[in-house]
Amino acid sequence: QVQLVESGGGLVQPGGSLRLSCAASERTLSTDAMGWFRQAPGKEREFVAHIRWSAPYYADSVKGRFTISRDNAKNTVYLQMNSLKPEDTAVYYCASMKPYGDFRYASAYDYWGQGTQVTVSS
């Protein structure tokens, strides 16, 4: 079973930046496709970004501001978040994708991290 551990969340002012990390316990086929989701209070978990091999995909709400990347040698996926807005405030989760499915939906992922809080506020 793959274990995922997120880190890097915190409190940042609007316009600021944060880099989230997601460390996987092992490199398996399921960790070749990884995603980031977020969930704000009272809202459903929503897709943020996805990477398969080196090809990234983003939600429209973060396109141009967030960058997903991976370091296979470290079994780690990153989410660089720039120009943060108050509406980016949420708990951010990384997840490893099942062999098949639509990467935009949480049901396509089988292993999840515990989440890391990101708060954007002045």
Side-chain angles (χ1 to χ4, degrees):
Q1 179 172 340
V2 176
Q3 293 184 329
L4 304 173
V5 179
E6 303 100 332
S7 61
L11 173 64
V12 63
Q13 293 186 342
S17 298
L18 282 174
R19 188 177 82 156
L20 306 183
S21 299
C22 173
S25 60
E26 61 185 79
R27 174 73 189 277
T28 67
L29 289 178
S30 68
T31 56
D32 286 337
M34 300 290 294
W36 285 96
F37 284 73
R38 67 186 181 186
Q39 188 166 19
K43 295 187 176 181
E44 293 186 354
R45 193 167 297 190
E46 66 172 359
F47 169 72
V48 175
H50 170 87
I51 188 166
R52 181 181 294 275
W53 300 110
S54 59
Y57 301 89
Y58 301 97
D60 288 342
S61 58
V62 306
K63 200 172 296 182
R65 300 187 298 121
F66 291 11
T67 302
I68 188 171
S69 62
R70 68 194 304 159
D71 184 336
N72 289 332
K74 296 182 178 180
N75 290 340
T76 300
V77 176
Y78 303 98
L79 186 67
Q80 176 67 44
M81 306 186 295
N82 298 328
S83 302
L84 283 161
K85 305 175 181 180
E87 51 263 43
D88 294 318
T89 296
V91 177
Y92 284 70
Y93 300 88
C94 70
S96 62
M97 192 173 169
K98 299 174 185 177
Y100 303 99
D102 187 329
F103 64 79
R104 297 169 297 174
Y105 296 97
S107 59
Y109 297 80
D110 47 7
Y111 297 110
W112 292 81
Q114 82 287 352
T116 185
Q117 176 70 48
V118 171
T119 303
V120 185
S121 174
S122 56

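None of these values were measured; they are calculated from a predicted model.
How far CG of L11 is from OG of S122: 9.5 Å, rounded to the nearest 0.5 Å. Atoms OG1 and CZ, on T116 and R38 in that order, are 14.0 Å from each other to the nearest 0.5 Å. Rounding to the nearest 0.5 Å gives a distance of 7.5 Å between CE of M81 and CG of D88. L79 CG to R70 CZ: the interatomic distance, rounded to the nearest 0.5 Å, is 13.5 Å. In this structure, CE in M97 is found 7.0 Å from CG in D102, a value given to the nearest 0.5 Å.
Ring planes of F47 and F103: tilted class, angle from 30 to 60°.
Of all heavy-atom pairs between A49 and Y58, the closest is CB-CD2, 3.7 Å. Residues K98 and S107 share a closest heavy-atom pair of NZ-O, 2.9 Å. Taking both residues in full, the closest heavy atoms of K85 and V120 are given as O-CB, 3.2 Å, listed atom of the first, atom of the second, then distance. Among all heavy-atom pairs drawn from G115 and E6, the shortest one is N-OE1, 2.8 Å.
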Compile the donor-acceptor pairs under 3.5 Å between side chains in residues 17-24 and protein atoms, sequence neighbours left out, one pair per line.
residue	atom	partner	partner atom	Å
S17	OG	N82	OD1	2.9

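In this structure, Y57 is not a member of the same hydrophobic cluster as Y78, with clusters built from ILVMFWY side-chain heavy atoms closer than 4.5 Å.
Using modelled atom types, no side-chain atom of T89 and backbone atom of T119 make a donor-acceptor pair closer than 3.5 Å. Looking only at distances, no side-chain donor or acceptor of T67 sits under 3.5 Å from a matching main-chain atom of Q80.
The pair D60-K63 meets the salt-bridge criterion, with a side-chain N (NZ, NE, NH1 or NH2) lying under 4.0 Å from an Asp/Glu carboxylate O.
F66 has its ring centre no less than 6.0 Å from the ring centre of W36.
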